[in-house]
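Below you'll find the structure, written out as structure tokens, and then a few comments.
Read the numbers this way: they start at 1 and go in the same order the structure lists the ligands and their atoms.
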Amino acid sequence: MEQTINNLKVYLEGDRENKSIIFLHGFPYDHTMWDEQVNFLKDKYFCVRYDIRGLGKSPAGDGQFTMDSFVEDLSSIIDELELDKPIICGLSMGGYITFRALEIDQTKFSAAILLDTRTESDSNEGKIKRQNGIAKINKEGVISFVDNFVPTCFWDETIKNNSELYNTVLNKSRRSNAIGVKGSLIAMLSRTDTTDSLKNISIQTLVLCGEFDKLTPPNVMQKIADEIPNSKFVMVKNSGHMTPLENPKFVNKIISEFVEENFSFIE
Ligand code: MLT
């Protein structure tokens, strides 16, 4: 079922009476990044996905986004749907939103799943790279930007051996709204560092990372798991940054085991 909440496109699957999981996709992608996970989990869990503002089918508006405005969007969906302590599951930029949401009020969630993400804010070099990305979009258009960016997200072998998946994701990204993509770039380059708050996370947390993730490599994510008191780190073999798409079977298995371990009392 599709619904519009606070101007955002929200996609609901499963029984509302079940424990809920809310999924936050990466940049510059959309909710379909989680298709395999939702298909696998929807019989047991109420699965909530949405297109982050400015991406997918959620309109960009004026394109003035911050990480905190993304957290406000997340809260508006949780409140409107009256979700009772959902499990939050975020990848990369979805992870940046998740870390900030946990820092603001982790009591809203019962557990967290973080994939291929980081807590450090952008270095000066990273900020300049994002600004160059914005300049590229202004000069050459969004297609030119995504054609450069999307290949960095995948493992080289995935691009070679699963060109159907790669081309589907690339072609969808090429249709992105330029204002939305630039708005996300500004939100990411202006985000705060959430590393210090990791030690305060008291909910159960699962940390997943693709073996060949070039953007947020396994050593970065292992450190995140080391800092969070109740956490578990799992490496996803045969995958780059796009773990839910590149190795969906394994990701589904690990996520469902984690959720069942922590919430088996909810039937
Ligand atoms: C993402 O997948 O969301 C991006 O790689 C995040 C980023 O560019 O920092």
Under 4.0 Å from one or more heavy atoms of Gly26, ligand 1 contributes atoms 3 (O)

Distance only, no hydrogens: is a donor on one side chain within 3.5 Å (strictly under) of an acceptor on the other, for Thr66 and Asp68? no

If you scan protein heavy atoms around atom 3 (O) of ligand 1, the nearest is Phe27 N, 2.6 Å

Is the NZ or CZ atom of Lys19 positioned over Phe263's six-membered ring, under 6.0 angstrom from the centre and within 45° of the axis?
-> yes

The atoms of ligand 1 lying under 4.0 Å from a heavy atom of Met93, numbered in the order shown, are 1 (C), 3 (O)

protein heavy-atom neighbour closest to atom 9 (O) of ligand 1 works out as Tyr96 OH, 2.5 Å

For Leu215, the atoms of ligand 1 under 4.0 Å from one of its heavy atoms are 5 (O)

query = Under 3.5 Å, is there a donor-acceptor pair linking the side chains of Ser231 and Thr205?
reply = no

Polar-atom distance check: Phe149 versus ligand 1, any N or O pair below 3.5 Å?
no

task: Return the orientation label for the Tyr166 and Phe154 ring planes: parallel under 30°, perpendicular over 60°, tilted otherwise.
output: perpendicular

Query - Distance-only N or O hit between ligand 1 and Ser92, under 3.5 Å - result: yes

Any heavy atom of Arg130 under 4.0 Å from ligand 1? The part involved is side chain

### Message
Please verify the inter-ring angle class for Phe27 with Phe149; under 30° counts as parallel, over 60° as perpendicular, anything in between as tilted.
### Response
perpendicular

Side chain to side chain donor-acceptor pair (under 3.5 Å) with Lys9: of Asp51, Asp30, Thr4, only one passes, and it is Thr4

